[in-house]
Amino acid sequence: MGPLQIKDILQTAPENQSVVVKGWVRTKRESKNAIFIALNDGSTINNIQAVAEPGQFSAELLLTVTTGSCLKVTGQLIASQGAGQTVEVKISDIEVYGTADPEEYPLQPKKHSLEFLREIAHLRPRTNTFGAILRIRHALAFAVHQYFNDKGFFYLHTPVITASDAEGAGEMFRVTTLDLNNLPRTEEGAINFKEDFFGREANLTVSGQLEGELGAMALSKIYTFGPTFRAENSNTTRHLAEFWMIEPEMAFFELKDNMDLAEDFVKKVITYALIHCKDDLNFLQNRLTEEEKNKPQNERSLPLLEKLAFVVDNPFERLTYTEAIDILLKSKPHKEGKFQFPVGWGIDLSSEHERYLVEKHFKKPVILTNYPREIKSFYMKLDEDGKTVRAMDVLFPGIGEIIGGSQREESYEKLLGRVKEIGIDPENLWWYLETRKFGTAPHSGFGLGFERLVQFVTGMGNIRDVIPFPRYPKSAEF
Ligand code: ATP
Ligand code: MN
């Protein structure tokens, strides 16, 4: 089925056997004695070197073999004479599938800025950096499914289009088929959504959790892994308008079980990447080291692989929100007025506070629990004191919040009370509330932003660079 992948050819013992290699030219180099073509097919970060003799091919043909062109090369697999690779292909035939005019092709063999590459997102997968990121992203996605499958979870597909406007997790994108130039009106003059496709207002989902809970109340352990949309107009390095979220939801799990699962889960998927993505991680590590070369020693971060191993090998620090506030109040930056935002019990921690706790104080991932009810969602279980809820946020170095989760309120009365308190019409959530009426159970779950995980594992600074075609304010080109 199809040609051999370069990844596999590079592992094959050279016995002068004939091989066919198909891929894109990374570089072509001509010397007195030979012409070297480095080919890559994306199966690995490593190129295969194909070698021809001067005069073996017409100058006309060789002119079309340029960076970015696509070739079929036939030849013999031989032990490599040169350093840097064990095998190479002694070319007998070249077929050019597609040329790439060097005058026009934007990816030349030199360093391009990540900003520039974002403008050519249709071609950036062909760079070493994005090839590595995309392979690691794949490995992590695979590890996620494998992890949950092994643990007896079922993959539940929750809807992308939702009509519940009560999730409250973020600003929503509207889904409509109404003619925006000729909107149907009610007698009062409001837009008449009864005439819209679903007969009501509809949006793209901001979270699959509420439906996930319905699944957990039947299958016990489920997870979702799907596209999620937030119309927050935030131009940060950690927010996308379209991202992928993983949301496990478990019946009979309390907050402690939830934390144990979250910690084990991220450690296992990172371990999977460490085992299966060595070449790509090494490449990204070197890239980062190179980037930080000009920084003073004490400002450089740990090499990527060490950072990942550290997270896998050490227990996450667990403490309550209240304890975290105490630490922040006693901290040097607070006392010296260096924090931009004020600290005090009841505040929503801002990223500078989270980063202080993780990067300066504990120097490892942190799980914060039992947040004030006012700053968390209505569905979180109230603590006995009535002031805090059983929330847990997992905070990572460089990223901040990577996971947000909680034990859910399973009492019908308490949940209904919270729904009314924050001004949601219980009618809109009748199906969600019924889970608490019929066979309610203690349960918990969390949401992990997949791109934040990929960011952490790849060490990429901007979330726009860890998804093939990022969506953010004023950008949906590709
Ligand atoms: P933040 O405070 O960082 O904006 P949040 O508290 O709004 O996140 P949750 O509603 O708890 O996020 O969503 C669960 C997880 O989804 C977060 O921990 C994060 O990993 C991820 N996430 C949330 N919003 C985004 C976004 N706009 N782009 C990418 N990932 C996101
Ligand atoms: Mn959150």
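We use all heavy atoms of the structure for the numbers below, so side chains are in, but hydrogens, waters and symmetry mates are not. Residue numbers count from 1 along this sequence. Remember, it's 1-based here, ligands and their atoms both numbered in the order they're listed.
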Open item on the list: Using a 4.0 Å cutoff against the non-hydrogen atoms of Met245, which atoms of ligand 1 qualify?
Closed with: 13 (O), 14 (C), 15 (C), 16 (O)
- [ ] Taking only Lys NZ, Arg NE, NH1 and NH2, and the carboxylate oxygens of Asp or Glu, determine whether Arg373 and Glu421 approach each other closer than 4.0 Å.
- [x] yes
TODO: Please determine which of Lys151, Glu247, His145 meets the side-chain contact (heavy atoms from CB on, under 4.5 Å) test together with Tyr223.
DONE: His145
Open item on the list: Quick check: do Phe243 and Thr228 have side-chain heavy atoms less than 4.5 Å from each other?
Closed with: yes
Open item on the list: Is the contact between Arg452 and ligand 1 made by the side chain, the backbone, both, or neither, using heavy atoms and a 4.0 Å cut-off?
Closed with: side chain
- [ ] Identify whether NZ of Lys or CZ of Arg in Arg452 sits under 6.0 Å from the centre of the six-membered ring of Phe396 and within 45° of that ring's axis.
- [x] no
TODO: Under 4.0 Å, heavy atoms only, figure out whether ligand 1 is touched by the backbone of Val206, its side chain, both or neither.
DONE: neither
- [ ] State which residue, out of Glu232, His239, Arg238, fulfils the side-chain hydrogen bond (donor to acceptor under 3.5 Å, both in side chains) condition with Thr236.
- [x] His239
TODO: Would you mind listing which atoms of ligand 1 come within a distance below 4.0 Å of any non-hydrogen atom of Arg238?
DONE: 3 (O), 28 (N), 29 (C)
Task: Close approach, Ile463 and ligand 1, non-hydrogen under 4.0 angstrom - done: yes
Open item on the list: Between Gln455 and Glu451, do the side chains contain a donor N or O and an acceptor N or O under 3.5 Å apart?
Closed with: no
TODO: Taking 2.8 Å as the upper limit, name the protein N, O or S atoms near the Mn ion (ligand 2).
DONE: Glu401 OE2
Task: N or O contact, Leu448 vs ligand 1, cut-off under 3.5 Å - done: no
TODO: Report, in ascending order of atom number, the atoms of ligand 1 lying under 4.0 Å from any heavy atom of Ile403.
DONE: 18 (O)
Open item on the list: Would Gly449 count as being in polar contact with ligand 1, using the rule that some N or O on each side must be under 3.5 angstrom apart?
Closed with: yes
Task: Numbering as shown, the atoms of ligand 1 that approach Gly404 to under 4.0 Å (heavy-atom distance) - done: 18 (O)
- [ ] Identify whether NZ of Lys or CZ of Arg in Lys221 sits under 6.0 Å from the centre of the six-membered ring of Phe253 and within 45° of that ring's axis.
- [x] no
Open item on the list: In terms of relative ring orientation, are Tyr155 and His157 parallel, tilted or perpendicular, with 30° and 60° separating the classes?
Closed with: tilted
Open item on the list: If we set the cut-off at 4.0 Å for heavy atoms, which region of Glu451 has an atom near ligand 1: side chain, backbone, both, or neither?
Closed with: neither
- [ ] May I ask you to say whether Arg185 pairs ionically with Glu195, meaning some side-chain N is under 4.0 Å from a carboxylate O?
- [x] no
Task: Lys268 to Tyr147 six-membered ring, cation-pi geometry met (6.0 Å, 45°) - done: no
Task: Distance filter under 4.0 Å to Glu232 heavy atoms, resulting ligand 1 atoms - done: 27 (N)
Open item on the list: Can you tell me how the ring of Phe116 sits relative to the ring of His112, calling it parallel under 30°, perpendicular over 60° and tilted otherwise?
Closed with: tilted
Task: ligand 1 to Phe243 polar contact by distance, N or O atoms, under 3.5 Å - done: no
